[in-house]
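Keep in mind it's a predicted model, so treat the numbers as computed, not measured. Order of the sequence lines sets the chain letters (A, B, ...), proteins ahead of strands, with each chain counted from 1.
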Number of protein chains: 2
Amino acid sequence: MSTDHLKSVLKNHNLRVTDCRIDVMEYFLDEKSALSQGDLESKLTGYDRVTLYRTLNNFLESGILHKIPNESGSATYGLCHDTCSPEGHMDNHMHFKCNRCGQIECLDKKTVPEVSLPTGYQVESVNLIVDGVCVKCA
Amino acid sequence: MSTDHLKSVLKNHNLRVTDCRIDVMEYFLDEKSALSQGDLESKLTGYDRVTLYRTLNNFLESGILHKIPNESGSATYGLCHDTCSPEGHMDNHMHFKCNRCGQIECLDKKTVPEVSLPTGYQVESVNLIVDGVCVKCA
DNA sequence: ATAGTTTATGCAACTTAATTGCATTTACTG
DNA sequence: CAGTAAATGCAATTAAGTTGCATAAACTAT
């Protein structure tokens, strides 16, 4: 993934091109798995905690990242598809959490099955999180 | 739900019967919705924060409560079925989070559909979280 | 290119959640 | 009811999340 492409992604989302944002995007692309604020702090030591925090929030609002529900108590983020926008996330793919290595993956290819709810409930989005053992740890 | 019954639930899970544990269990039974550490602190003011924290953890290990994945950053807990045990949770029901009132419900009656994963992945548990508008807020 | 404007960053500070150690109290067992 | 094992409260620490503000950097329009 070239830096030029990353810059255009930022511009397409009406975000200014900064070193921090480029680095954060590259980190997500390299890792492929979901990342937390703490992961960024460990890896991207040149930036302030608050800057990373705000970068995550900007990406979230812009539709570059989505938040993945988890049990750990700290927020986890994954890269969005191209189809995501500030107006709405199309991130109804499954998430897989490995109980051995702890990594959270987005299974982009797997769509979430239709769910039926009791009458009166209005569905807005569906999140499916599967726990188990990933390919690497099996 | 009588206090006697609650006591036997605790004993069945090899937990000593204490006021705090009884009160926490009653609170969960009254509320019916999922609760967080903060909820307990607001309601059960007579107990130390740490005691409530450890009560939640004990209930989690014993299979009385299960943790519900969420995006908020603070852990949320729901009552387990009778079928849960320290050896394994059978909490594969759906969870519903209302985007208006914020409450998280366990939809016990709705089981999670079977999921198929890419080859090499081993499934241990499945969590389905539906966001939308609940009956009360609709 | 550059001056002017808007936005991002770093720093300080604060709030809340999660967590651990230890002394004391309480619940169970015989 | 005495002895033991576990639960509680208190103090203290770590980490996550959050905000305000001054400065620095990125963009825009000459």
Determine which pairs satisfy salt bridge (Lys or Arg N to Asp or Glu O under 4.0 Å) with at least one residue from residues 7-22 of chain A, sequence neighbours left out, and list them in order.
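Qualifying pairs: none.
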Salt bridge (Lys or Arg N to Asp or Glu O under 4.0 Å): pairs with one or both residues in residues 29-45 of chain B, sequence neighbours excluded:
B:Glu41-B:Arg49
Given B:Cys20, which of B:Leu40, B:Asp48, B:Thr55 fulfils the side chain to side chain contact (heavy atoms under 4.5 Å, CB included) condition?
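Output: one option passes, namely B:Thr55.
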Could you tell me if the ring centre of A:Phe96 sits under 6.0 Å from that of B:Tyr121?
yes
Calculate the interatomic distance between [X] atom [atom1] and [N] atom [atom2]; express it in whole Å.
{"X": "B:Leu52", "N": "D:dC10", "atom1": "CG", "atom2": "C1'", "answer": "14 Å"}
{"X": "A:Glu71", "N": "C:dA17", "atom1": "CD", "atom2": "P", "answer": "19 Å"}
{"X": "B:Asn70", "N": "D:dG17", "atom1": "CG", "atom2": "P", "answer": "12 Å"}
{"X": "A:Leu56", "N": "C:dT9", "atom1": "CG", "atom2": "C1'", "answer": "15 Å"}
{"X": "A:Leu10", "N": "C:dT7", "atom1": "CG", "atom2": "P", "answer": "16 Å"}
{"X": "A:Asp48", "N": "C:dA12", "atom1": "CG", "atom2": "P", "answer": "9 Å"}
{"X": "B:Leu40", "N": "C:dA18", "atom1": "CG", "atom2": "P", "answer": "11 Å"}
{"X": "B:Tyr47", "N": "D:dC10", "atom1": "OH", "atom2": "P", "answer": "14 Å"}

Output all residues satisfying side chain to side chain donor-acceptor pair (under 3.5 Å) with A:Asp131, sequence neighbours left out; order by chain, then residue number.
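Scan of A:Asp131 (side chain to side chain donor-acceptor pair (under 3.5 Å), adjacent residues dropped) gives none.
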For A:Tyr53, enumerate each residue passing the side chain to side chain donor-acceptor pair (under 3.5 Å) test, keeping only those at least two apart in sequence or located in another chain.
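If we apply the side chain to side chain donor-acceptor pair (under 3.5 Å) test to A:Tyr53, skipping adjacent residues, there are no hits.
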Tell me the closest heavy-atom pair linking A:Ser62 and A:Asn58, and the distance in Å.
OG-O, 2.7 Å
Non-hydrogen atoms of A:Arg100 and A:Cys137 that approach each other most closely
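Nearest pair, atom of A:Arg100 first, then A:Cys137: NH1-O, 3.0 Å.
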Between the two end axes of the helix from C:dA1-D:dT30 to C:dG30-D:dC1, each built from 5 base pairs, what angle do you get to the nearest 10°?
40°
Nucleotides 18-30 of chain D: protein proximity per nucleotide (B base, S sugar-phosphate only, - neither; heavy atom, under 4.0 Å):
BBB----BBS---
Kindly point out which of D:dA16, C:dA18, C:dA17 is positioned nearest to the side chain of B:Ala75?
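Of all the options, the side chain of B:Ala75 is nearest to C:dA18.
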Residue whose closest nucleotide on DNA chain C lies nearer the 5' end, A:Arg21 versus B:Gly38
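Between the two, 5'-proximity favours A:Arg21.
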Side-chain N,O (A:Thr51) to OP1/OP2 (C:dG10) below 4.0 Å:
yes
Side chains of B:Leu107 and A:Leu117: does their closest heavy-atom pair fall under 4.5 Å?
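Answer yes - side chains close enough.
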